[in-house]
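One structure is given here, and the rest of the page talks about it.
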Amino acid sequence: MTTTIERPRFYEGQVLGAAPLNGAVEYDRGGLARHDRYEHLWGITEGLELKGEERKTAKGKTYMEVTVGPGVAVDGTGRQIVVTDTQRLDEIEFRDLNIASKDSDDWYPVFLYGQDREAAGGTSLTGACHSAEPNRFAEEFEFTFGRMADALELDQQQTVGFAAGPGGAEGSKPWLVLIGFVQWDGDIEQFTAAEDAPPDSSVERRYAGVRADEVVARGGRLTLRTAARGQAGVPAVVMDQNNGGELRFGLQDTSGTVTEVLTVNAQGDLTAKGKIIGALAGGVQVESGVAHDGMLLPLPAGITQEKVDHSEVVLHVHVTPRYQGHWWMLPLECRTEGRRVFCRSYCWGGGGGVRYLDGTCDYTLMAFAADENGDGS
Amino acid sequence: MTEKMSLVVFAETGHVLGAVTRASDPEAALELKPEELVGDGLLVRDPVSGQTRVSVGPEHLAVKSVLLSEEVVLAPQQFVLANGSPQAHPNSDLSAGNPNPATIDGTNLKVELPVNVPEDVDTWVIVQGHTDSDLITREVTIPKDQKEGSVLLTLRWGSYYVLALVPGYRPFVSEELLVS
């Protein structure tokens, strides 16, 4: 059966009961939830930072009292979850979940979820119209914990229908928002650390995002920043109509201005203040320097032996023996096998007569992107 | 000319065995692994014949980035890396006065220095046969107040070359040694 979204309509003289008024509220809630659900990606929109404060037990063992700062998140149903003030994570709740392993180095995700609770009844009516029905919902929040595997499955949470409002169906599993991780010491039953992400882990607290297939600027300049405008030293990308159109990448200063290190203009010209690493299609990478006998010539940055072995790159090498300062020095050989240098000479060694020297050469190594035939272009 | 160079050193003793510079990225030694600069092994020559005789595997080597020195880059094996900088070996050739300071006889590997040592000295010896499986690395300790040290080393019949890395001395590559 098709579900239709209905918008309340009122008329003069209408007796307003609870249903049309609730309908007006639900219509707005549903619209906002669908916006948050389909035009954004769920996660933290502001605040909700985990903070650990060091404490000591009576026996002097160190632990962390972990709190969550105020903030807002949006879950995958479009429900806004608002934490208005700092909350302490409950150690007893963690213990009672019985999820901790014996390894104190393990990390446990901290989740936030929202839920509605009917507030206590209240009415201004008296007599026959008196009712003790609740007249509002409290939009509450809860924290819970899990194992690392739970943090990896957050994108498999159950979605809601297109017409549904925030929170999903009554009794459905709450949508979990990952806000950080804690460590636990089972001996003292306390947290011992709190972080946004475990070290060396790709799983981290989840921020809200935007779903968009097209983003259009109004002022002729589109900027993507990795932090707020006032935070200096963080990377940003600017697409700008000025100068005929260009794309710039660099670090921003406190005013948000990007000091570009890489620019591409509308003619396709690339300007880089650093090095361009990696084989360029149809291009060449060059390395040069001095190498001693027996060594492999270094490859240009970004070129690997694997690329050479797979004929993705062709090497051209030029070596010349370097004069070693010995009287009557005569180069005997100066060549390469692959990248290995064979360089030796002999010289007049005074009373010792002629002797061999392991030599040193100047080299130039060029790496060409291979063409279809595996040849350097 | 770049301002830094990459030295390939024998990790246990600091003997410098090779050098290279990179004009584009002189600091890159910080990121290089020995196998990127020596492949399967760094070839060390016999100074008498001029032939490559011994291959030192990358597992025994380290790459260090130091300030460029023309003197070092031209003749790296004259130097040892000590306290982060290359210094010329203080002593003369290991073979001065004894043309065969490192010898094998099929059951023992012996290292003999020109003079007694004031304290125990750990030397490293690489024995190279005709096949890769004949590449053997051994630590030989010269005890205090002596000038010789030896370890048991059973070798099959054949010819071998020996590279001796003794603190204070330049690398020594033996002539062909026969085990019968």
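Quick note on labels: first sequence line is chain A, next is B, and so on, each numbered from 1. These numbers come from the heavy atoms of this one structure, side chains and all, not from hydrogens, waters or symmetry mates.
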Flag if over 12 foreign heavy atoms under 6.0 Å of [atom1], [X]:
X	atom1	value
Met239(A)	CE	no
Glu59(B)	CD	yes
Arg221(A)	CZ	no
Asp120(B)	CG	yes

Nearest heavy-atom pair of [X] and [Y]: which atoms, and what distance?
X	Y	value
Leu42(B)	Gly294(A)	CD1-O, 3.3 Å
His292(A)	Leu17(B)	CD2-O, 4.1 Å
Leu43(B)	Arg340(A)	CD1-CD, 3.7 Å
Pro298(A)	Arg22(B)	CB-NE, 3.6 Å

In terms of heavy-atom proximity below 4.5 Å to chain B, should Leu299(A) be classed as side chain, backbone, both, or neither?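 Contact with chain B is through the backbone of Leu299(A) alone.
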**Message:** Report which part of Tyr363(A) has an atom under 4.5 Å of a heavy atom belonging to chain B: side chain, backbone, both, or neither.
**Reply:**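 The side chain, not the backbone.
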task: Between chain B and each of Leu365(A), Leu296(A), Asp358(A), count heavy-atom pairs under 4.5 Å; write down the option with the most.
output: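 Ranked by heavy-atom pairs under 4.5 Å with chain B, first place is Leu296(A).
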message: Which atoms of Glu71(B) are under 4.5 Å from chain A, going by heavy atoms: the side chain, the backbone, both sets, or neither?
response: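 Interface part for Glu71(B): neither.
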| message | Using heavy-atom distances under 4.5 Å, tell me whether Glu35(B) contacts chain A through its side chain, its backbone, both, or neither. | response |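 For Glu35(B), the contact with chain A is made by the backbone alone.
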*asked:* Test of understanding: with ring pair (Phe, Tyr, Trp, His ring centres under 6.0 Å), list the residues that count as partners of His15(B), not counting sequence neighbours.
replied: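 For His15(B), the residues satisfying ring pair (Phe, Tyr, Trp, His ring centres under 6.0 Å) (neighbours in sequence not counted) are His89(B).
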Donor-acceptor pair, distance only, cut-off 3.5 Å: does the side chain of [X] make one with the backbone of [Y]?
X	Y	answer
Thr360(A)	Val73(B)	yes
Arg339(A)	Leu37(B)	no
Thr21(B)	Gly289(A)	no

